[in-house]
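One-based numbering, in listed order, for ligands and for the atoms of each. Since this is a predicted model, take the numbers as computed values, not measurements.
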Amino acid sequence: MELIDKIVELKKEKKAVILAHNYQRPEIQDIADYVGDSIELSRKAMEEKEAKIIVFSAVDFMAESAAILNPEKKVLLPSLGARCPMAQMLTVEEIKRWKALYPLVPVVLYVNTLASAKAYCDVCCTSANAVKVIESVNAETVLFGPDRNLADYVQRKTGKTIIPIPEWGFCPTHLLFQPEDVQLLKMQYPEAVVMVHPECTLEMRNVADFIGSTSQMCRYARENNAKTFIVATEEGLLHRLRKNNPEKQFILAYEGAVCPNMKLNTLERLYTALKEEKHVITVPKAIAERARKALEKMFELIN
Ligand code: 5XR
Ligand code: SF4
């Protein structure tokens with residue numbers, strides 16, 4: 001039996017749902033019940049009342065959020081090594097240090113943080129709703145982490161003072177994009193629309209026709225009449241974009257834009273994870289409760 005058939009069979013037998021982030025390998029996206037960004041997927045998990053097991057094919061912090069929002073389900077991460085380096089950049093000690101410096105300033109954290117960090121913030125946001133969340137926060141100055149580029153993007157959009165914590169946080173994959181590459185591609189495809197993720201540098205954001213998260217890029221590409229798109233985000237999203245828009249052309253703005261952490265999840269590891277019910281992602285109750293409040297506050301502000 002083929003590996004894919006084995007996974008489908010096991011999935012039924014165990015009442016499992018497979019969720020894949022937009023940056024997962026094509027073969028994983030194809031076998032998944034849902035493909036999306038981490039919050040879309042966590043919400044899907046909440047809707048799947050019958051499911052006992054959630055295989056969350058993504059990185060550590062995303063599986064943690066799913067576990068926090070779905071405490072009665074078993075959340076499995078196919079590869080334990082799939083950890084987001086940006087999430088590691090903001091420790092609880094660092095947050096406490098900034099809070100001590102600015103005791104009256106609210107802390108907004110990007111969901112790309114560990115649950116332990118989320119437990120120390122007022123509200124979370126994703127790259128899709130960061131601007132809306134910051135606008136809704138009743139303060140002109142906000143502590144924001146860990147992504148410095150997203151912080152800068154939100155500051156420009158909202159006019160509020162955003163203090164990045166740490167001062168230097170970044171996504172190593174999105175930092176790889178350079179405007180020179182886009183300029184060359186534009187000579188070849190002058191009509192192309194340029195979509196850039198807000199985790200990219202300001203120089204990259206300056207050459208964008210559209211700046212948005214993975215879910216926003218999907219919507220934009222569907223609704224926009226352009227035939228060709230130059231895309232500055234992790235290459236996995238291009239599989240989804242091409243699949244959903246077969247008549248359009250998508251070009252990755254830099255060939256090497258791969259998140260190696262996301263790619264640690266393979267079909268083989270997903271199969272083993274489902275079969276052996278590993279690696280179970282759990283969050284200590286006290287932390288989970290506080291992190292859950294920050295996530296729920298985000299849902300409140302954006303609805
Ligand atoms: O960089 C990421 O990890 C992906 C992403 C996205 O656009 O999907 O930035 N994730 C955030 O939006 C967090 C929520 O899903
Ligand atoms: Fe983390 Fe960047 Fe990979 Fe997303 S793409 S999981 S932010 S390293």
Side-chain angles (χ1 to χ4, degrees), residues 19-25 29 34-45 56-66 68-69 77-79 81-90 108-115 117-118 121 123-133 144-151 153-154 168-177 195-201 204-205 208 210-221 231-241 252-254 256-265 291 294-295 298-299 302:
L19 306 178
H21 186 267
N22 290 325
Y23 298 161
Q24 291 300 283
R25 294 169 185 268
Q29 293 191 27
Y34 302 101
V35 180
D37 70 26
S38 66
I39 293 302
E40 284 173 341
L41 295 178
S42 289
R43 293 189 121 174
K44 278 284 171 218
F56 211 99
S57 203
V59 291
D60 54 355
F61 75 83
M62 299 186 178
E64 277 189 349
S65 294
I68 290 166
L69 295 170
L77 186 63
S79 171
R83 305 172 76 186
C84 167
M86 180 161 78
Q88 314 284 333
M89 292 175 188
L90 187 58
V108 178
L109 291 189
Y110 191 18
V111 287
N112 296 35
T113 41
L114 294 172
K118 288 189 180 79
C121 77
V123 53
C124 292
C125 72
T126 69
S127 47
N129 62 34
V131 171
K132 204 162 174 195
V133 168
F144 183 92
D147 191 49
R148 209 213 142 92
N149 286 304
L150 183 60
Y153 171 68
V154 173
W168 47 268
F170 63 94
C171 162
T173 302
H174 284 91
L175 222 61
L176 296 171
F177 292 103
M195 302 196 291
V196 173
H197 196 283
E199 287 172 17
C200 293
T201 59
M204 267 308 285
R205 281 181 269 126
F210 176 75
I211 301 172
S213 71
T214 53
S215 54
Q216 289 169 325
M217 285 184 188
C218 289
R219 189 174 336 123
Y220 187 79
V231 186
T233 193
E234 209 273 348
E235 54 114 38
L237 185 71
L238 277 83
H239 178 66
R240 183 173 168 198
L241 288 169
L252 187 61
Y254 169 64
V258 177
C259 172
N261 316 285
M262 284 281 182
K263 263 48 184 189
L264 282 172
N265 300 317
L295 287 166
M298 165 179 81
F299 294 137
I302 59 166

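Near atom 3 (Fe) of ligand 2, less than 2.8 Å away, sit the protein N, O or S atoms C259 SG.
Ligand 1 lies nowhere less than 4.0 angstrom from a heavy atom belonging to M217. Ligand 1 lies less than 4.0 angstrom from a heavy atom belonging to H21.
Among all non-hydrogen protein atoms, the one lying nearest atom 4 (C) of ligand 1 is Y23 CE1, 3.4 Å.
Counting heavy atoms closer than 4.0 Å to ligand 1, residue H197 contributes side-chain atoms (C-beta onward) but none from N, CA, C or O.
Under a 4.0 Å criterion applied to the non-hydrogen atoms of S213, ligand 1 contributes the atoms 7 (O). The ligand atoms of ligand 1 that sit less than 4.0 angstrom from a heavy atom of E199 are 1 (O), 2 (C), 9 (O). Under a 4.0 Å criterion applied to the non-hydrogen atoms of E199, ligand 2 contributes the atoms 7 (S). Heavy-atom proximity to V111, at under 4.0 Å, picks out these atoms of ligand 1: 13 (C), 14 (C).
In this structure, R148 has no side chain to side chain donor-acceptor pair (under 3.5 Å) partners at least two apart in sequence or on a different chain.
When only modelled atom types and interatomic distance are considered, T233 and Y23 share a side-chain donor-acceptor pair under 3.5 Å.
Relative to the six-membered ring of F61, R83 misses at least one condition, a distance below 6.0 Å or an angle of at most 45° to the axis.
Each of L241, L237, L238 was evaluated against N22; a single residue qualifies, L237, per the side-chain contact (heavy atoms from CB on, under 4.5 Å) test. Each of I302, N129, T126 was scored for a side-chain contact (heavy atoms from CB on, under 4.5 Å) with I39, with one residue passing: T126.
Atom OH of residue Y110 and atom SG of residue C124 lie 12.0 Å apart, to the nearest 0.5 angstrom.
Looking at D60, L175, N112, V111 and measuring to atom 7 (S) of ligand 2, the nearest heavy atom belongs to N112.
A distance-only check finds no donor-acceptor pair linking the side chain of E199 to the backbone of C171 [under 3.5 Å].
Looking at heavy atoms from C-beta onward, S213 lies in side-chain contact with Q216 at the 4.5 angstrom threshold. P146 has its side chain within reach of T113: a pair of non-hydrogen atoms, C-beta onward, lies under 4.5 Å apart.
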